[in-house]
There are 2 protein chains.
Amino acid sequence: MKRTQLTMRDVAKALGLSVSTVSKALSGSYEISAATRSKVLEFAAEKDYVPNPIAKSLKYGESKSIGVVLSTVDNHFYCKVIDGIESVAHQHGYNIIISQSHESYEREVLNVKNLTSRAIDGLLISPSTETVDYDFLKNLQQEGLKVVLFDRITNKMDTHKIASDNFQAAYKATAHFIENGFKRIAHIGGSPNVSITIDRLEGYKKALLDNNRDIDDKYIQYCHHSGKTVEEVEEAIIHLLNLKYPPDAIFTATDRITTKTFFSLKRQKIMIPQQIALMGFTNTQLADVISPSLSRIRQPAFEMGQLAMNKLLELIKRKKVVPDYETIVLNTTLEFYESTEKIVAVHL
Amino acid sequence: MKRTQLTMRDVAKALGLSVSTVSKALSGSYEISAATRSKVLEFAAEKDYVPNPIAKSLKYGESKSIGVVLSTVDNHFYCKVIDGIESVAHQHGYNIIISQSHESYEREVLNVKNLTSRAIDGLLISPSTETVDYDFLKNLQQEGLKVVLFDRITNKMDTHKIASDNFQAAYKATAHFIENGFKRIAHIGGSPNVSITIDRLEGYKKALLDNNRDIDDKYIQYCHHSGKTVEEVEEAIIHLLNLKYPPDAIFTATDRITTKTFFSLKRQKIMIPQQIALMGFTNTQLADVISPSLSRIRQPAFEMGQLAMNKLLELIKRKKVVPDYETIVLNTTLEFYESTEKIVAVHL
DNA sequence: TATTTTTACGAAACCGATGTAATTGAATTA
DNA sequence: TAATTCAATTACATCGGTTTCGTAAAAATA
């Protein structure tokens with residue numbers, strides 16, 4: 001910023017003191033007399049002197065800011081995670097820098113490089129769907145960068161990880177379909193690269209098995225960008241609809257897949273839930289004013305953000321001790337509305 | 001970041017050169033022989049040397065990053081604006097730092113201070129609804145900070161401003177109600193502090209006047225936080241419903257007011273559009289799968305972001321010349337769906 | 001060969017802060 | 001009065017780069 005900001009030198013010159021004296025006075029050092037200190041403090045307050053954090057960063061190698069890398073902020077779930085992160089960060093005097101990977105590994109690496117080289121004290125990251133190689137992150141970690149993974153976690157890295165109980169949520173959602181009498185329950189998952197896809201798939205499968213249902217791979221579809229584009233979701237749905245015995249229920253694994261599936265079914269004039277019932281992960285607020293109102297799994301987004309930030313702060317604060325990394329699993333909330341109601345045809 | 005990163009000194013020592021030579025070699029100075037240069041470049045590439053941008057910032061007073069301050073990212077419109085900003089910023093090697101004011105003037109000032117003191121090359125800001133005093137921004141501007149206002153603009157500051165054609169959009173939306181035979185058209189606006197509220201209100205009024213309708217203040221309500229909370233929207237709606245002659249149409253002024261009004265009317269079992277028609281500003285994607293599908297005004301969010309960033313770059317690049325500030329007004333798109341259909345009761 | 005020019009590199013200052021070590025001046029003690 | 005102590009202040013190195021200026025050696029010129 002080419003700005004004419006007041007520096008410590010200016011303050012020193014104006015008061016006829018040395019920079020070191022001013023520095024110490026401002027930091028409240030015992031070495032400085034009360035008279036001088038108050039003179040400096042007054043002047044600084046009056047002239048609105050703000051120390052240059054860049055210089056501080058250079059000196060200390062810390063920046064009081066942390067980076068957040070995620071696929072996109074255009075997602076109510078991530079927005080709430082950010083709110084959670086922010087609330088804790090601000091409390092501790094940290095600023096957050098958000099960058100979006102848009103599900104691109106390349107962009108993600110670029111963003112992370114940019115952030116780290118720019119001095120961040122820590123990194124909160126939910127990797128892109130394309131990310132399979134965590135070496136760049138592990139390298140940075142080895143160089144001393146504090147990393148906490150949230151939402152999309154991986155066992156390829158050893159660090160704090162915060163995620164929802166995806167297995168349980170998927171299990172319960174699938175079981176609910178079964179209890180309500182649905183027969184052919186399909187699943188549209190996100191990218192098989194990310195753990196949440198696997199966990200949710202496993203929950204789905206386990207629920208089927210526990211209820212003596214067969215697992216039929218024809219009913220399992222993937223969206224390799226977790227529902228980033230309409231096309232990939234539409235493709236999965238077309239595939240399902242073209243089956244000899246199309247599903248009578250779909251369980252969708254991500255926020256964007258869920259809403260896009262809803263769109264798509266509507267566009268194809270499929271009656272929900274009469275022809276196909278629908279339930280999925282989503283934190284969208286509009287889920288209960290759309291018609292039919294959408295049964296859904298909500299993730300504790302705000303809490304996830306808070307926890308992730310707190311865990312990161314832990315890593316930042318205790319500088320040397322080798323931490324025992326934790327993986328924290330948060331409970332989700334299942335809400336059942338019209339889209340999963342079993343409507344029994346009444347013949348008059 | 002307390003990280004053990006390779007510095008220029010390390011490179012110099014390893015190659016038996018001075019730091020200045022390395023610096024010049026890396027920047028491709030003519031002073032350095034081809035042999036030395038390639039030696040340095042090779043070594044740097046191999047060891048993955050990355051110059052410390054903090055040090056650069058300190059030297060140059062520029063940071064290649066720009067701040068974005070807005071009320072919240074939990075809003076599809078602002079998300080798209082950010083995408084637009086990002087697309088241009090990345091093209092030019094700039095990073096963006098986002099912070100949210102959550103409609104609080106205090107938080108906004110805090111964020112801006114933090115950003116500016118942290119060295120940003122420019123600021124893109126859509127002020128909070130609470131913001132009436134622009135002195136802090138004007139002071140920063142005078143100190144050399146480049147500022148561009150977007151979405152919520154004000155004439156209290158002289159700078160580049162990018163906004164939608166709010167007047168025209170409001171005019172057309174109101175006129176559409178009139179053409180469709182609605183009689184008592186209410187308006188729920190955002191905070192009277194912000195220009196967009198005024199412009200949209202004026203458009204609404206002008207459309208009424210041009211069609212020989214009276215302007216009745218009873219039918220005009222404000223949400224002082226632009227629909228941040230359910231309560232303030234609900235309050236406005238209750239007021240309208242309790243009128244002796246409740247409105248048969250509502251025109252809402254902001255994304256959040258629009259969706260919350262929709263919610264609220266649904267909750268109160270008001271039939272849309274049979275009892276009350278609804279149209280408003282919103283960029284929400286779900287607007288056409290909700291029931292009834294929602295007539296709406298869409299703002300060119302992505303373009304707004306691009307333009308704002310481009311204008312900011314202009315300011316940053318031409319360092320000295322006094323710029324002639326522009327206010328750019330973008331056209332909106334009106335889309336009409338079920339929520340504004342005039343349903344004529346058919347008596348069998 | 002002596003002188004000038006060019007080439008290639010290095011020493012040191014600088015950006016704005018911090019903190020250690022040195023220094024000043026005054027008060028206290030011998 | 002001289003020596004010692006101590007409080008208050010300052011000089012200076014440091015963080016990691018960039019850049020100005022100076023200079024040695026090589027090349028070109030006289």
Side-chain angles (χ1 to χ4, degrees), chain A residues 1-41 43-44 47-65 116-121 143-144, chain B residues 1-41 43-44 47-65 116-121 143-144:
Chain A
M1 184 173 42
K2 273 271 168 289
R3 290 179 41 229
T4 56
Q5 239 188 339
L6 205 64
T7 77
M8 205 169 248
R9 228 172 289 285
D10 301 327
V11 177
K13 201 173 290 172
L15 296 174
L17 293 167
S18 75
V19 269
S20 359
T21 306
V22 174
S23 170
K24 285 172 194 169
L26 288 170
S27 65
S29 165
Y30 69 96
E31 295 180 69
I32 303 302
S33 68
T36 309
R37 173 166 30 250
S38 62
K39 203 166 65 178
V40 171
L41 289 179
F43 186 86
K47 298 287 181 179
D48 205 23
Y49 164 78
V50 181
N52 183 333
I54 295 279
K56 267 192 200 170
S57 297
L58 180 57
K59 180 71 182 168
Y60 287 120
E62 71 164 33
S63 60
K64 281 288 178 184
S65 63
T116 53
S117 75
R118 165 173 299 291
I120 50 171
D121 298 343
E143 285 174 26
Chain B
M1 184 172 40
K2 272 271 169 290
R3 289 179 42 229
T4 57
Q5 241 188 340
L6 204 66
T7 76
M8 203 170 250
R9 236 169 282 285
D10 301 327
V11 177
K13 201 173 291 172
L15 296 174
L17 293 168
S18 75
V19 270
S20 7
T21 306
V22 174
S23 170
K24 286 173 194 168
L26 288 171
S27 65
S29 164
Y30 68 95
E31 294 179 63
I32 303 301
S33 69
T36 308
R37 172 164 33 248
S38 61
K39 204 165 64 177
V40 171
L41 289 179
F43 185 87
K47 298 286 183 183
D48 205 22
Y49 165 78
V50 182
N52 181 334
I54 295 278
K56 267 191 199 172
S57 297
L58 181 56
K59 182 68 183 174
Y60 288 120
E62 72 164 30
S63 60
K64 282 287 177 183
S65 63
T116 52
S117 76
R118 164 173 300 290
I120 50 170
D121 298 343
E143 285 173 28

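Worth saying up front: this structure is predicted, and the values here are computed from it rather than measured. Naming convention: chains lettered A, B, ... in sequence-line order (proteins, then strands); numbering from 1 in each chain.
Atom OG of Ser27(A) is separated from atom CZ of Arg37(A) by 9.0 Å, given to the nearest 0.5 angstrom. Between Ile32(B) atom CD1 and Leu41(B) atom CG the span is 10.5 Å, to the nearest 0.5 Å. Here the OG-CE distance, from Ser18(B) to Met8(B), works out to 10.0 Å after rounding to the nearest 0.5 Å. Taking CG of Asn52(A) as the start and CG of Leu58(B) as the end, the distance is 6.5 Å to the nearest 0.5 Å. Interatomic distance, Thr36(A) OG1 to Leu17(A) CG, rounded to the nearest 0.5 Å: 6.0 Å. Atom NZ of Lys64(B) sits about 11.0 Å away from atom OG of Ser57(B), to the nearest 0.5 Å.
Contacts with DNA chain C (heavy atom under 4.0 Å) in residues 10-28 of chain A: Ser20(A), Ser23(A), Lys24(A), listed by number. Using a 4.0 Å cutoff on non-hydrogen atoms, the parts of residues 29-39 of chain B near DNA chain C are Glu31(B), Ile32(B), Ser33(B), Thr36(B), ordered by number.
A 4.5 Å side-chain heavy-atom check between Val40(A) and Leu15(A) finds at least one atom pair inside the cut-off. Annotation: side chain of Asp10(B) is not in contact with side chain of Tyr49(B) (no heavy-atom distance under 4.5 Å).
Recorded end-axis angle for the helix from dT1(C)-dA30(D) to dA30(C)-dT1(D) stands at 80°, based on five pairs per end and rounded to 10 degrees.
Considering every non-hydrogen atom in both Val19(B) and Ala12(B), the closest pair reads N-CB, 3.8 Å.
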Let's go through Val11(B) and Leu6(B) carefully: what are the C-alpha distance in whole Å and the side-chain angles of both, what is the deciding distance for side chain to side chain contact (heavy atoms under 4.5 Å, CB included) to 0.1 Å, and is it a yes or a no?
CA-CA 7 Å; Val11(B) 177; Leu6(B) 204 66; 4.2 Å; yes
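For Lys56(B), there are no salt bridge (Lys or Arg N to Asp or Glu O under 4.0 Å) partners two or more places apart in sequence or in a different chain. The salt bridge (Lys or Arg N to Asp or Glu O under 4.0 Å) search around Lys24(A) returns Glu31(A), not counting sequence neighbours.
Close approach of DNA chain C to chain A, defined as any atom under 4.0 Å from a non-hydrogen atom of the protein, starts and stops at dG16(C) to dA21(C).
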